[in-house]
*Asks:* 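Next up is a structure, given as structure tokens.
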There are 2 protein chains.
Amino acid sequence: MTADPQPAALEVPRIDDLLCFSIYSAGLAFNQLYRPLLEEIGLTYPQFLVMVALWDRDGRTVKELGEALYLDSSTLTPLLKRLEAVGLLSRSRNPKDERQVLLRVTDKGNALRPKAAAVACAIVDTVGISAEAAKTLRSGLDGIRNKIHRQD
Amino acid sequence: MTADPQPAALEVPRIDDLLCFSIYSAGLAFNQLYRPLLEEIGLTYPQFLVMVALWDRDGRTVKELGEALYLDSSTLTPLLKRLEAVGLLSRSRNPKDERQVLLRVTDKGNALRPKAAAVACAIVDTVGISAEAAKTLRSGLDGIRNKIHRQD
DNA sequence: TGCAAACAAATTGCACACAATTAATTAAGT
DNA sequence: ACTTAATTAATTGTGTGCAATTTGTTTGCA
């Protein structure tokens, strides 16, 4: 119960003991799992996340979308231009405030929605985790993410 | 207790209900948290992970490193060349099997180790999660990652 | 009103990730 | 031995992420 007279030299943990690596490699794995399924409906994984966010709430600005996804315009602008180029959404300046760009899902974009739902469903099946376990994981991860972001 | 006569139309979940998004955004957050700290010792976040893996076991091949990090040579080769260019590691063909490239941490690379340990320590402090909670999260995430990879 | 500060997107430059392919080496089968 | 298959890195091309900067618009305040 006494303090170390000679504190152990500061050591780097092993890679498998780093929580950040578990998150990093699980993220890569999800990307790899989604990729072939999303390819069939013409989306990348980040594009899928953008569409999911817009299906939930249409007509957002780039800034609002970025706040939902934790991405900024330098990432979103080119991605959104690609989605516009394939006709899944429209980008137009807000007449009320020309600084903003409003994002609207097109009919073609909405037509993709059930197919995206099927992909999400297939992912859940493959990962094979219970709803409770997923919720527990999510709340732990969201807590970490929020703590990091609150500290700038 | 009867099956839905008209099953609900397949719907896309909200973005915040997707486990994959919690993992995705937590991964981005860690990257953003590490970036300024690692910048001071001249590393990116993936480069840090590579060095951590090599500090644990030196003299690995590119393939072995890739198996540890779940990355392939098309990602690792340019990254390793950058680390070699700044003198943190050496890349040399294995004389016993010229197909392989052996990775060895240089003295300069080993000199970085305590500084990297300090960064890892600072991250743990900022995230402020207990060792138990971190272990629980890790095992859940590693389980998902391993399940995905076992299914190709 | 006029003008600096604030704000929203877009642009630029760099570093991952990854599929697909290529190049070089080794292993294996006849 | 010789040819083919398998293995390991490297290369190519596309799409993110992000810091730093730029462009265009709006707000605030003297």
Side-chain angles (χ1 to χ4, degrees), chain A residues 21 24-40 42-51 60-67 69-86 91-103 148-149 152, chain B residues 21 24-40 42-51 60-67 69-86 91-103 148-149 152:
Chain A
F21 177 69
Y24 172 82
S25 58
L28 295 183
F30 262 110
N31 191 338
Q32 291 160 11
L33 180 58
Y34 268 107
R35 183 183 294 269
L37 304 182
L38 289 176
E39 190 181 7
E40 301 194 18
L43 292 177
T44 67
Y45 180 43
Q47 288 168 6
F48 167 78
L49 295 176
V50 164
M51 293 305 296
R60 283 199 251 216
T61 66
V62 172
K63 179 182 171 61
E64 288 166 344
L65 180 65
E67 286 168 354
L69 298 179
Y70 305 95
L71 295 171
D72 70 0
S73 70
S74 59
T75 298
L76 286 174
T77 296
L79 189 159
L80 293 167
K81 283 183 175 177
R82 283 179 206 109
L83 291 175
E84 184 185 39
V86 296
R91 297 161 61 250
S92 58
R93 291 282 166 179
N94 183 352
K96 304 282 183 57
D97 184 341
E98 293 276 349
R99 289 174 300 184
Q100 302 178 341
V101 165
L102 298 179
L103 305 169
I148 291 176
H149 280 129
D152 292 0
Chain B
F21 177 69
Y24 172 83
S25 58
L28 295 183
F30 263 110
N31 192 339
Q32 291 161 11
L33 179 59
Y34 267 107
R35 182 183 295 268
L37 304 183
L38 289 175
E39 190 181 6
E40 300 193 20
L43 292 177
T44 66
Y45 180 43
Q47 287 168 7
F48 166 79
L49 294 176
V50 163
M51 294 305 295
R60 281 200 252 216
T61 66
V62 172
K63 180 183 172 58
E64 288 166 345
L65 179 65
E67 285 168 353
L69 298 179
Y70 304 95
L71 295 171
D72 70 0
S73 69
S74 59
T75 297
L76 287 174
T77 296
L79 190 159
L80 293 167
K81 283 183 175 177
R82 282 178 209 113
L83 291 175
E84 184 185 39
V86 295
R91 297 161 61 249
S92 59
R93 293 281 167 180
N94 183 352
K96 304 282 184 55
D97 184 343
E98 293 276 348
R99 290 173 300 185
Q100 302 177 341
V101 165
L102 298 178
L103 305 170
I148 291 175
H149 279 128
D152 292 1

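Numbered from 1 within each chain, the chains take letters A, B, ... in sequence-line order.
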*Asks:* Please round to 10 degrees the angle between the axis of the first five pairs and the axis of the last five pairs in the helix from C/dT1-D/dA30 to C/dT30-D/dA1.
*Replies:*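 Roughly 10° between the end axes, to the nearest 10°.
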
*Asks:* Quick one: do A/Arg35 and A/Asn31 satisfy side chain to side chain contact (heavy atoms under 4.5 Å, CB included)? Show the steps, please.
*Replies:* CA-CA 6 Å; A/Arg35 183 183 294 269; A/Asn31 191 338; 3.8 Å; yes

*Asks:* Judged by each residue's nearest nucleotide on DNA chain C, which is more toward the 5′ side, B/Tyr45 or B/Pro95?
*Replies:*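 Per heavy-atom nearest nucleotide, the more 5' residue is B/Tyr45.
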
*Asks:* Are OP1 or OP2 of C/dA17 and a side-chain N or O of A/Gln32 less than 4.0 angstrom apart?
*Replies:* no

*Asks:* Within this structure, what is the CD-to-P distance between A/Glu39 and C/dA19, rounded to whole angstrom?
*Replies:*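 Going from A/Glu39 (CD) to C/dA19 (P), I get 9 Å.
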
*Asks:* Given atom CD of A/Glu40 and atom C1' of C/dA19, what is their separation to the nearest angstrom?
*Replies:*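 The distance from CD of A/Glu40 to C1' of C/dA19 comes to 15 Å, rounded to the nearest Å.
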
*Asks:* Out of curiosity, B/Tyr70 OH to B/Ile148 CD1, how far, rounded to the nearest 0.5 Å?
*Replies:* 11.0 Å

*Asks:* At their closest point, which heavy atom of A/Tyr34 faces which heavy atom of A/Phe48, and how far apart are they?
*Replies:*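 Closest approach of A/Tyr34 to A/Phe48: CE2-CE2, 3.7 Å.
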
*Asks:* Tell me: OH of A/Tyr34 to C1' of C/dC18, nearest whole Å?
*Replies:*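 Computing the A/Tyr34:OH to C/dC18:C1' distance gives 18 Å.
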
*Asks:* Side chain to side chain contact (heavy atoms under 4.5 Å, CB included), that's the test. Do A/Leu43 and A/Leu83 meet it? Break it down for me.
*Replies:* CA-CA 9 Å; A/Leu43 292 177; A/Leu83 291 175; 3.9 Å; yes

*Asks:* Using a 4.0 Å heavy-atom cut-off to protein, can you give one letter per nucleotide of nucleotides 4-12 of chain C, 5' to 3': B if the base is in contact, S if only the sugar-phosphate is, - if neither?
*Replies:* ---BSBBBB

*Asks:* Run the side chain to side chain contact (heavy atoms under 4.5 Å, CB included) test on B/Val101 and B/Thr77 for me, step by step, so that the C-alpha distance in whole Å, both residues' side-chain angles and the decisive distance to 0.1 Å come before the verdict.
*Replies:* CA-CA 10 Å; B/Val101 165; B/Thr77 296; over 6 Å; no

*Asks:* For DNA chain D, which nucleotides open and close the run of contacts to chain B, 5' to 3', at under 4.0 angstrom from a non-hydrogen atom?
*Replies:*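 On DNA chain D, the outermost contacted nucleotides are D/dT7 to D/dA19.
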
*Asks:* In whole Å, I'd like the distance from the CG atom of B/Leu69 to the C1' atom of C/dC18.
*Replies:*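 Atom-to-atom, B/Leu69 to C/dC18, this comes out as 15 Å.
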
*Asks:* Would B/Leu28 and A/Leu69 satisfy side chain to side chain contact (heavy atoms under 4.5 Å, CB included), going step by step from the backbone distance to the final call?
*Replies:* CA-CA 10 Å; B/Leu28 295 183; A/Leu69 298 179; over 6 Å; no

*Asks:* Say whether, by atom type as modelled, one donor and one acceptor occur between the side chain of A/Arg60 and the main chain of A/Leu102 under 3.5 angstrom.
*Replies:*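 Answer holds: no.
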
*Asks:* In whole angstroms, how far is the C1' atom of C/dC14 from the CG atom of B/Leu79?
*Replies:*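 B/Leu79 atom CG is separated from C/dC14 atom C1' by 13 Å.
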
*Asks:* Among A/Leu76, A/Val50, A/Leu80, which residue meets the side chain to side chain contact (heavy atoms under 4.5 Å, CB included) test with A/Leu103?
*Replies:*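 By the side chain to side chain contact (heavy atoms under 4.5 Å, CB included) criterion, A/Leu103 pairs with just one of A/Leu76, A/Val50, A/Leu80: A/Leu80.
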
*Asks:* Rounded to the nearest Å, what distance is computed from the CG atom of residue A/Leu28 to the C1' atom of nucleotide C/dA15?
*Replies:* 14 Å

*Asks:* So which atom in A/Gln47 and which in A/Gly42 form the shortest heavy-atom distance, rounded to 0.1 Å?
*Replies:* OE1-O, 4.0 Å

*Asks:* Could you check if a side-chain atom of B/Glu64 sits within less than 4.5 angstrom of a side-chain atom of B/Gln100, using non-hydrogen atoms only?
*Replies:* no

*Asks:* For A/Lys96 and A/Gln47, find the nucleotide of DNA chain D closest to each by heavy atoms; which residue's nucleotide sits nearer the 5' end?
*Replies:* A/Gln47

*Asks:* Rounded to whole angstrom units, what separation is found between the CZ atom of B/Arg82 and the P atom of C/dG13?
*Replies:* 17 Å

*Asks:* Are A/Glu67 and A/Lys63 close enough for a salt bridge, meaning some N to O gap below 4.0 Å?
*Replies:* yes

